[in-house]
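Presented below is the structure to which this report refers.
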Amino acid sequence: LNQRREEVARLERVAGDAAWARRAREADARRSELENRLWRIETEGLARAEFQEWLLSSARKAGIGRPTATSQRTDGEATAQAGYRAISVSLSGDFSPESLQALLATIANEKRLIIINSMRIQRQPLPRIDMVLTAYGLPVAPGSATPTLPPQPQPAASGAAAAPAVPSA
């Protein structure tokens with residue numbers, strides 16, 4: 001019981017610290033910036049189609065020959081619990097160093113977040129590239145641009161912080 005009281009007292013001191021409120025605001029601003037990089041997902045099917053089409057179009061513009069994109073199954077349980085969705089697509093096509101460099105530059109410059117999970121380059125018998133890419137997104141209501149995230153904990157109002165309940169021993 002004494003240990004829990006000490007923990008509550010420590011939490012109250014931290015919550016009352018003015019720097020803590022500033023750090024919380026900075027963290028919220030950074031989280032908002034990162035969430036703005038996520039794809040907006042009305043439905044899983046539409047999101048997969050949009051990501052596949054973006055990859056195919058980008059691959060063609062980069063000079064990847066005969067590109068194909070195939071949806072991959074993902075274990076979305078962890079991201080779904082956090083309110084996010086992961087969409088994975090495998091991309092294959094004819095390889096050349098110049099076209100790969102152009103595609104990687106396009107992916108790096110995309111405002112929305114895209115992760116390259118794996119990349120395999122085959123030189124023989126024909127130069128090919130195989131990649132698995134993942135886009136992360138926020139669910140939105142159809143016709144809306146506003147994400148439907150689970151509620152985030154809000155920092156306590158400046159000054160007094162609500163003390164957590166101390167379970168009785």
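Taking every heavy atom of both residues into account, Arg48 and Ser88 meet most closely at NH1-O, 3.6 Å. The minimum heavy-atom distance linking Arg40 with Asn36 is given by the pair NH2-OD1, 3.7 Å. Across Ser58 and Thr106, no two heavy atoms sit closer than the pair OG-CG2, 3.8 Å. The shortest heavy-atom contact between Pro67 and Arg60 is CG-CG, 3.7 Å. The heavy-atom pair separating Tyr136 from Ala86 by the smallest distance is CE2-CB, 3.6 Å. A pairwise comparison of heavy atoms in Val89 and Phe51 identifies CG2-CD2, 3.5 Å as the closest pair.
The CZ atom of Arg128 sits 9.5 Å away from atom CD1 of Ile64, with the distance rounded to the nearest 0.5 Å. How far CD of Gln122 is from OG of Ser92: 10.0 Å, rounded to the nearest 0.5 Å. The distance from atom CG of Leu113 to atom CG of Leu38, rounded to the nearest 0.5 Å, is 6.0 Å.
Evaluated for a side chain to side chain contact (heavy atoms under 4.5 Å, CB included) with Leu91, the options Val132, Leu103, Ile129 yield exactly one hit, Leu103. Between Glu26 and the choices Arg23, Arg30, Arg22, the salt bridge (charged side-chain N to carboxylate O under 4.0 Å, His left out) rule is met once, by Arg22. Of the residues Ile121, Leu104, Leu55, the one that meets the side chain to side chain contact (heavy atoms under 4.5 Å, CB included) test with Met131 is Leu104.
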Just do the salt bridge (charged side-chain N to carboxylate O under 4.0 Å, His left out) check on Arg37 and Glu33 with the steps written out, would you?
-> CA-CA 7 Å; Arg37 291 200 60 209; Glu33 287 174 22; over 6 Å; no
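Side chains of Leu133 and Ile115 form no contact here, defined as non-hydrogen atoms less than 4.5 Å apart. Taking 4.5 Å as the limit, some side-chain heavy atom of Ile87 sits within range of a side-chain heavy atom of Ile41.
Looking at Trp39, its side chain never comes within 3.5 Å of a backbone N or O of Leu138 through a donor-acceptor pair. Side chain of Ser57 to backbone of Trp54: no donor-acceptor contact under 3.5 angstrom is found.
Under the 4.5 Å side-chain heavy-atom criterion for Ile, Leu, Val, Met, Phe, Trp and Tyr, Ile116 and Leu56 are members of the same hydrophobic cluster.
Residue Gln101 qualifies as open at atom CD: its count of foreign heavy atoms under 6.0 Å is 12 or below.
Salt bridge status for Glu6 with Arg10: absent, with no side-chain N to carboxylate O gap under 4.0 Å.
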